[in-house]
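Note that the structure is predicted; figures quoted are calculated from it, not measured.
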Amino acid sequence: ELVRQGEALKRTEQMVDKMDQDLKTSQRHINSIKSVWGGLVNYFKAKPPESKPEQNGTPEYYANSRLKEAMMSSKEQESKYQECHPNLRKLDNSGLLTLFYTEYLVSSVQRDSYPKNQQLRAYHQKIDNNLDEMSSGLSRLKNLALGLQTEIDKQDDTLDRLTKKVEALDVNIKSTDKKVRQL
């Protein structure tokens with residue numbers, strides 16, 4: 001959603017720039033109509049540069065890299081979570097053997113760190129696994145939040161810049177309107 005809003009802000013800023021360019025052109029025309037002297041000044045004055053047309057009518061907008069990385073990491077972690085979660089896991093028997101072997105290795109390496117009671121050991125292992133999943137999820141959320149904050153800061157700067165442009169454009173439009181009414 002933030003990326004979509006960023007694209008909309010970019011398009012809006014480009015439209016405001018185009019309006020400002022059109023307003024300058026109309027000022028030149030008004031000066032030409034107003035007096036012969038104004039027409040001569042406009043004739044010898046450099047013409048404003050033409051704005052280049054956009055490709056396919058849509059401007060390119062790039063979300064910040066931090067947000068992209070966080071979104072990609074989040075999708076990867078989500079797919080890993082779905083693969084190992086019993087209710088979300090796709091039925092795949094080849095992974096079952098690997099999962100069993102991994103569990104066997106982990107349990108044999110960590111046997112000394114858990115109590116000797118088998119049920120208590122299983123309970124501690126389950127708690128550790130749940131804490132690992134929670135840690136992974138919180139890490140994912142933190143990265144997403146940092147990426148979103150960076151994108152929001154970037155768009156906030158764009159909004160400030162856009163606000164200044166619109167205010168200046170508003171003043172110029174009122175001035176041009178006043179000049180047209182005087183003609």
Side-chain angles (χ1 to χ4, degrees), residues 1-85 88 130-183:
E1 182 65 20
L2 273 177
V3 172
R4 186 190 64 75
Q5 289 175 358
E7 291 169 354
L9 279 174
K10 182 74 171 176
R11 282 192 306 270
T12 302
E13 186 172 19
Q14 289 177 343
M15 289 187 328
V16 167
D17 290 341
K18 174 87 171 88
M19 289 171 63
D20 189 43
Q21 190 69 27
D22 291 345
L23 188 60
K24 288 177 182 175
T25 303
S26 67
Q27 281 284 9
R28 291 174 55 90
H29 292 303
I30 290 172
N31 289 341
S32 295
I33 293 171
K34 199 171 183 181
S35 69
V36 175
W37 180 252
L40 287 173
V41 169
N42 284 340
Y43 181 76
F44 290 109
K45 195 175 188 181
K47 291 187 179 183
E50 293 287 327
S51 60
K52 52 187 170 184
E54 297 177 19
Q55 300 167 347
N56 299 334
T58 56
E60 290 293 322
Y61 178 80
Y62 300 104
N64 64 24
S65 60
R66 189 174 203 169
L67 180 60
K68 286 182 183 178
E69 290 172 11
M71 287 173 38
M72 288 174 49
S73 171
S74 177
K75 287 178 183 177
E76 288 173 9
Q77 286 181 352
E78 184 177 350
S79 65
K80 287 178 185 176
Y81 178 73
Q82 287 181 353
E83 288 173 2
C84 70
H85 192 279
L88 301 175
N130 288 342
L131 288 173
D132 288 342
E133 284 183 29
M134 287 174 59
S135 174
S136 173
L138 288 173
S139 173
R140 187 178 95 201
L141 286 174
K142 177 187 173 190
N143 287 335
L144 280 172
L146 290 172
L148 290 172
Q149 182 61 45
T150 305
E151 181 68 19
I152 288 171
D153 289 342
K154 179 181 170 185
Q155 289 184 16
D156 190 36
D157 293 341
T158 302
L159 281 172
D160 289 342
R161 190 174 58 246
L162 189 60
T163 300
K164 290 175 186 174
K165 286 181 179 181
V166 168
E167 287 172 353
L169 188 63
D170 185 46
V171 169
N172 289 340
I173 287 174
K174 288 179 181 177
S175 171
T176 303
D177 186 48
K178 186 177 179 182
K179 287 179 184 177
V180 169
R181 290 184 189 275
Q182 287 175 353
L183 289 176

Inset, instruction - Enter the distance from Asp20:CG to Lys24:NZ here, rounded to the nearest 0.5 Å. - result: 4.5 Å
Legend entry - Minimum side-chain heavy-atom gap Ser139-Asn143 below 4.5 Å: yes
Legend entry - Presence of salt bridge, Glu167 and Lys164, under 4.0 angstrom: no
Legend entry - Atom of Leu23, atom of Ile173 and distance for their closest heavy-atom approach: CD2-N, 3.7 Å
Inset, instruction - Not counting sequence neighbours, which residues clear side chain to side chain donor-acceptor pair (under 3.5 Å) with Asp177? List them please. - result: Arg181
Legend entry - Distance (rounded to the nearest 0.5 Å) between Leu2 CG and Thr150 OG1: 11.0 Å
Inset, instruction - To the nearest 0.5 Å, tell me how far Gln155 CD sits from Glu151 CD. - result: 4.5 Å
Legend entry - Partners passing salt bridge (Lys or Arg N to Asp or Glu O under 4.0 Å) against Asp153 (at least two apart in sequence or in another chain): none
Inset, instruction - Decide, yes or no, whether a salt bridge links Asp170 with Lys174 under the criterion of side-chain N to carboxylate O below 4.0 Å. - result: yes
Legend entry - Whether Thr163 side chain and Leu159 backbone form a donor-acceptor pair below 3.5 Å: yes
Inset, instruction - State, with a plain yes or no, whether a side-chain heavy atom of Arg140 is found less than 4.5 Å away from one of Ser136. - result: no
Legend entry - Gap separating the CE atom of Met134 from the CG atom of Leu141, nearest 0.5 angstrom: 11.0 Å
Legend entry - Asn172: side chain to side chain donor-acceptor pair (under 3.5 Å) partners, not counting sequence neighbours: none
Legend entry - Spacing of NZ belonging to Lys165 relative to OG1 belonging to Thr12, to within rounding of 0.5 Å: 11.0 Å
Inset, instruction - Starting at OG1 of Thr158, measure out to CD of Glu13 and round the result to the nearest 0.5 Å. - result: 6.0 Å
